[in-house]
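Order of the sequence lines sets the chain letters (A, B, ...), proteins ahead of strands, with each chain counted from 1. Scope of the values below: all heavy atoms of this structure, side chains included, with no hydrogens, waters or symmetry mates.
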Number of protein chains: 2
Amino acid sequence: MTKPLDPEMLDPLCPSDLVPFRVEDKWAGMIIQCLEDGLRRFSELRALLRNTSKVLTQSLRTLERDGFIIRTVHAGPVRHVEYELTSLGRSLLDLLDAARTWARAPLDELIDAHERHQPLTEPANTTRCPRPDTSS
Amino acid sequence: MTKPLDPEMLDPLCPSDLVPFRVEDKWAGMIIQCLEDGLRRFSELRALLRNTSKVLTQSLRTLERDGFIIRTVHAGPVRHVEYELTSLGRSLLDLLDAARTWARAPLDELIDAHERHQPLTEPANTTRCPRPDTSS
DNA sequence: CCGAATCCCTGAGGATACTG
DNA sequence: CAGTATCCTCAGGGATTCGG
């Protein structure tokens, strides 16, 4: 089986949702990243994405429908389900990488811009964000 | 001034909103495309995007806030406003191009996938769509 | 001509609880 | 373990109207 994912791989404080680039839905980019090294089980993904199962399932179903991932059910005493990228899904990795590369330079400016033009929300808000597609 | 935009440049029937990429918001990708050749006036953009002014203004303001475009007001007997890409905004063109290039191959499969898994909506719906970032 | 203001509506996203 | 089933909130998107 694929080697375990680094639990710190997705930093919940990373301001990457300021990056103006989205693939499919909010979580799809991160899911694809997590599947980069091979098969992953549902629970692995849920733990990493700090996501509730409903939303995760939605994303996974959409990705499956569009042919980006394959879903495999392993019956048994303890049932488990595994997901993996198709070649089409794998082709998205290049694009995600391009987006992350692009974002590295202007990210600080983006953060500044958001802070400057948005004193509307709560003041002591440390720009929380659930780490989308541009995770390192 | 920049040469006129082709009115047919953005085909309202193009199924490009099935392409799983978004830049900023729904219209930002198209706006950036329209600004590729230089300055554009508000009315040019509104006509091309077949968009109501409020939503267009929103997108433009966001793009301006994030440093992707510059807004210039020309006062006078007939006031008009022009928008142009910054170098940062221009750097997005590469990403958009990469996304469009990627999308060309799997687009048909994406359309099929959507139609197969979505007999839920109205039947005689000719996949209307407002032509997002992947316009040719 | 270029928006701003208003109202409305849908749907993505999420919290919680339950099931084969 | 891997999901459904509900319910809720809120922001994106849009139609319409008004203003400088």
Rounded distance (Å) that lies between atom P of D:dA2 and atom CG of A:Leu39: 13 Å
A:Glu24 CD - C:dA12 C1' separation (whole Å): 13 Å
A:Arg22 side-chain N/O to C:dG13 phosphate OP1/OP2 under 4.0 Å: yes
Gap between atoms CG and C1', on B:Asp25 and C:dG11 respectively (whole Å): 16 Å
From A:Ser53 atom OG to A:Leu45 atom CG, the distance as rounded to the nearest 0.5 Å: 12.5 Å
N or O in side chain of A:Trp27 less than 4.0 angstrom from C:dG14 OP1/OP2: yes
Under 3.5 Å: donor-acceptor pair, side chain of A:Arg71, backbone of A:Glu64: no
C:dC2 OP1/OP2 closer than 4.0 Å to side-chain N/O of B:Arg71: no
d(CG, A:Leu63; C1', C:dA12) in whole Å: 15 Å
For atom CG of B:Leu60 and atom C1' of C:dG3, their distance in whole Å: 11 Å
Closest to the B:Val81 side chain, choosing from C:dC2, D:dA2, D:dG13: C:dC2
Close side-chain approach of B:Arg22 to B:Lys26, heavy-atom, < 4.5 Å: yes
Atom-to-atom span, CG of A:Leu45 to C1' of D:dC1 - whole angstrom: 13 Å
Stepwise side-chain contact (heavy atoms from CB on, under 4.5 Å) test for B:Thr62 and B:Ser59: CA-CA 5 Å; B:Thr62 305; B:Ser59 284; 5.8 Å; no
C:dC2 OP1/OP2 closer than 4.0 Å to side-chain N/O of B:Arg41: yes
Base-contact (B) and sugar-phosphate-only (S) positions in nucleotides 15-20 of chain D, heavy-atom cut-off under 4.0 Å, - elsewhere: BB---B
Within-4.5 Å side-chain heavy-atom neighbours: A:Val55 and A:Leu49: no
Identified side-chain contact (heavy atoms from CB on, under 4.5 Å) counterpart of A:Glu24 within the set A:Ile31, A:Leu63, A:Ile32: A:Leu63
Connected via hydrophobic side-chain network under 4.5 Å: A:Ile70 and A:Leu39: no
Residue pair B:Phe42, B:Thr57: steps toward the side-chain contact (heavy atoms from CB on, under 4.5 Å) verdict: CA-CA 9 Å; B:Phe42 185 87; B:Thr57 302; 3.7 Å; yes
B:Leu56 CG to C:dA4 C1', straight-line distance once rounded to whole Å: 13 Å
Given D:dC1, D:dG13, C:dG14, the nucleotide with the shortest approach to the side chain of A:Lys26: C:dG14
Heavy-atom side-chain contact between A:Tyr83 and A:Leu35 under 4.5 Å: yes
Bending between helix ends of the helix from C:dC1-D:dG20 to C:dG20-D:dC1 [5 pairs per end, 10° resolution]: 50°
Which nucleotide in D:dA2, C:dG13, D:dG3 has an atom nearest any side-chain atom of A:Tyr83: D:dG3
Below 4.0 Å: OP1/OP2 of C:dG3 and any side-chain N or O of B:Arg46: no
Geometric class of the B:Trp102/A:Phe68 ring pair [parallel <30°, tilted 30-60°, perpendicular >60°]: tilted
Length of the line joining A:Glu82:CD and D:dG3:C1', which is rounded to integer Å: 16 Å
